[in-house]
Amino acid sequence: MGLELYLDLLSQPCRAVYIFAKRNGIPFELRPVELLKGQHHSDAFAQVNRLKKVPALKDGDFTLAESVAILLYLSRKYEVPDHWYPQDLQACARVDEYLAWQHTALRSSCTRAMWQKMMFPVFLGEQVPPETLASTLAELDRCLQLLEDKFLKDQDFVAGPHISVADLVAITELMHPVSAGCQVFKSRPKLAAWRQRVEAEVGKDLFQEAHAAVMKVKDLPPADPAIKEKLKSSVQVLLQ
Amino acid sequence: MPLELFLDLYSPPCRAIYIFARKNGIPFELRSVELGRGEHLKPEFLKVNPLGKVPALKDGDFLLAESVAILLYLSRKYHAAAHWYPPELQACARVDEYLAWQHTAVQLPATNVYLCKSLLPYFSGQSVDPVRLDRLLGKLKPALQHLDREVLAAKPFLATEQLSLADLMAFTELMQPTAVGCDVFQDWPRLAAWRARVEAGLGPELPSWPRSWCRDCWSGSAEGVWPGPLPCTLLSQ
């Protein structure tokens, strides 16, 4: 059995892994795990990732969780072009720095923004207090400013002159609030220009393919009561 | 100019870097950044790390933030022994997996317990809120359970058969609430045994953990007022 990637393209880190694997011609079997149907809670999936989260990788007997770990594993195993995760000490450190920072910064605010603006009201039929949403969007704004000022600066890409896994992780995060109607790029020409560069490097078709599912989420019918119950407890944390 | 490490040893990731550098004989200048005096918010430090956080590294003109990035940089530059960050593909992936997961699964909840038990009561003058503390301990529990029941059931250390960066980060994070009276090891025998192995492996480079930590820590700051915004956003989780 070859490489298997357990993904739901509704999830930002899954999109980063998907784009990376496809862009680099890495052969894999896509194993869809539909989060909105609670499939990540199945016993079968627990065998792949006991933490019940996507993305997850299975390579023979070897299983691996965490998108950052998966991206690095794939970079190394498939000997992708150096710029994705450079050998150069300082260039690599810049990528590591972004990948570490984003967990509790951009990732957190992008997930919350998308869920509070769209998923809770539209899919789960739950109203989100306006102050909560306002606070989340303010935090998102703060993270976007740091992305521009501390990471991107006047470079072409997040970690330097060339595209790296950091850009894939960042762009897929930003598309999350975009799918909910947040105008992330509108007043930020620097970020908009960077997005164009990333899309060009990745390939527009692949980029659109990876984002097709999340861009259609706003048109989803409301969840049926069984699904609501299943998801409710695990997503409450996203209201904070 | 030699390598400079900007650290506050009351911060777990700073301790991890300090221990790692000492253990590997990496020559560095310690630049103390006292969080309790708001030194992380001052312009001189923001030039080193615009994110306003410790740890931070300065190597000539090269500036670096984020403890995981700093540990990897030091491992590579100073050719640390292989067990810290193994060259083998799968072993390395296990370390990466822990280092990624721990941000939200361990560091965030463990820090919140520490804030609730020690820092906030000290600065607000109010006693510990037991309901809140209990809730925050509950948020750390899933990680402790996973490490004790699943990860350590299969091997002696968190990522591989040997001490790695994963263990170093985990150790300093889990010692934080423990040092201020919330012993996170008490219900988890494998985790407690792992702690002993890590302490043995790290040896005398380990800084001592004074029991009167919180008093000693904050006694240096003026008026007993925490400078800058209280890290309350963490507690809102």
Side-chain angles (χ1 to χ4, degrees), chain A residues 13 46 49-53 56-57 59-78 85 87-105 107-108 111 132 135 139 142-143 145-146 149-151 153 159 166 169 237-240, chain B residues 13 46 49-53 56-57 59-78 85 87-105 107-108 111 139 142-143 145-146 149-151 153-154 159 166 169 233-237:
Chain A
N49 183 9
R50 273 185 285 217
L51 293 165
K52 304 181 185 191
K53 289 158 115 189
L57 168 154
D59 196 0
D61 289 329
F62 180 66
T63 57
L64 187 65
E66 291 297 326
S67 57
V68 168
I70 291 170
L71 287 166
L72 300 191
Y73 177 83
L74 294 176
S75 299
R76 289 163 177 148
K77 179 168 179 180
Y78 295 91
Y85 191 64
Q87 280 295 311
D88 176 79
L89 183 67
Q90 292 188 1
C92 190
R94 286 267 88 82
V95 179
D96 288 332
E97 188 187 53
Y98 182 78
L99 294 177
W101 172 79
Q102 57 88 28
H103 287 280
T104 50
R107 168 139 176 73
S108 172
T111 303
T132 306
S135 160
E139 177 59 21
R142 199 190 66 85
C143 289
Q145 200 59 50
L146 282 171
D149 296 341
K150 149 79 185 145
F151 293 99
K153 294 183 286 208
V169 170
V237 67
L238 296 175
L239 278 176
Q240 290 157 354
Chain B
L46 291 174
N49 183 10
L51 297 167
K53 291 158 116 189
L57 169 154
D59 196 0
D61 291 329
F62 182 67
L63 300 171
L64 189 63
E66 291 297 328
S67 54
V68 169
I70 292 170
L71 286 169
L72 293 178
Y73 177 83
L74 295 176
S75 300
R76 288 164 176 149
K77 180 169 179 179
Y78 296 92
Y85 192 62
E88 300 85 23
L89 185 66
Q90 292 187 2
C92 189
R94 283 277 165 263
V95 179
D96 288 333
E97 187 184 50
Y98 180 81
L99 294 177
W101 177 72
Q102 59 88 30
H103 289 278
T104 52
Q107 185 173 67
L108 196 65
T111 301
K139 297 215 174 184
Q145 184 168 303
H146 175 68
R149 299 264 173 89
E150 287 163 352
V151 177
M169 284 293 289
T233 50
L234 287 180
L235 280 184
S236 70
Q237 298 268 319

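Protein chains get the first letters and strands the later ones, always in sequence-line order, with residue 1 at the start of each. Note that the coordinates shown come from a computational prediction; the quantities given were computed from them, not determined experimentally.
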Which portion of Leu72(B) sits near chain A, non-hydrogen atoms under 4.5 angstrom |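 Contact with chain A is through the side chain of Leu72(B) alone.
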Part of His103(B) within contact of chain A (heavy atom distance under 4.5 Å) |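 For His103(B), the contact with chain A is made by backbone and side chain together.
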Can you tell which of Asp59(B), Leu89(B), Leu57(B), Val68(B) has the highest number of heavy-atom pairs within less than 4.5 Å of chain A?
->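 Among the listed options, the one with the most contacts to chain A is Leu89(B).
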Which one of Thr104(B), Asn49(B), Leu64(B) has the most heavy-atom pairs closer than 4.5 Å to chain A?
->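 If we count pairs closer than 4.5 Å to chain A, Leu64(B) comes out on top.
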Going from [atom1] on [X] to [atom2] on [Y], what distance comes out if it is rounded to the nearest 0.5 angstrom?
X: Met169(B); Y: Leu71(B); atom1: CE; atom2: CG; value: 6.5 Å
X: Leu51(B); Y: Glu66(B); atom1: CG; atom2: CD; value: 6.5 Å
X: Gln90(B); Y: Asp61(A); atom1: CD; atom2: CG; value: 9.0 Å
X: Ser67(A); Y: Lys53(A); atom1: OG; atom2: NZ; value: 10.0 Å

Would you give me the side-chain donor-acceptor pairs under 3.5 Å for residues 90-103 of chain A, sequence neighbours excluded?
residue, atom, partner, partner atom, Å
Arg94(A), NE, Glu97(A), OE1, 3.3
Arg94(A), NH1, Leu63(B), O, 3.2
Arg94(A), NH2, Glu97(A), OE1, 3.2
Arg94(A), NH2, Glu97(A), OE2, 3.2
Arg94(A), NH2, Leu63(B), O, 2.6
Asp96(A), OD1, Tyr85(A), OH, 2.6
Asp96(A), OD2, Tyr85(A), OH, 3.4
Asp96(A), OD2, Arg76(B), NH1, 3.0
Glu97(A), OE1, Lys150(A), NZ, 3.2
Glu97(A), OE2, Lys150(A), NZ, 3.1
Glu97(A), OE2, Ala65(B), N, 2.7
Gln102(A), NE2, Leu99(A), O, 3.1
His103(A), NE2, Leu99(A), O, 3.4

Segment of [X] engaging chain B (4.5 angstrom heavy-atom cut-off):
X: Ser135(A); answer: neither
X: Leu64(A); answer: both
X: Leu89(A); answer: both

Under 3.5 Å donor-acceptor, Ser108(A) side chain and Thr104(A) backbone =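 No, Ser108(A) side chain to Thr104(A) backbone: no donor-acceptor pair under 3.5 Å.
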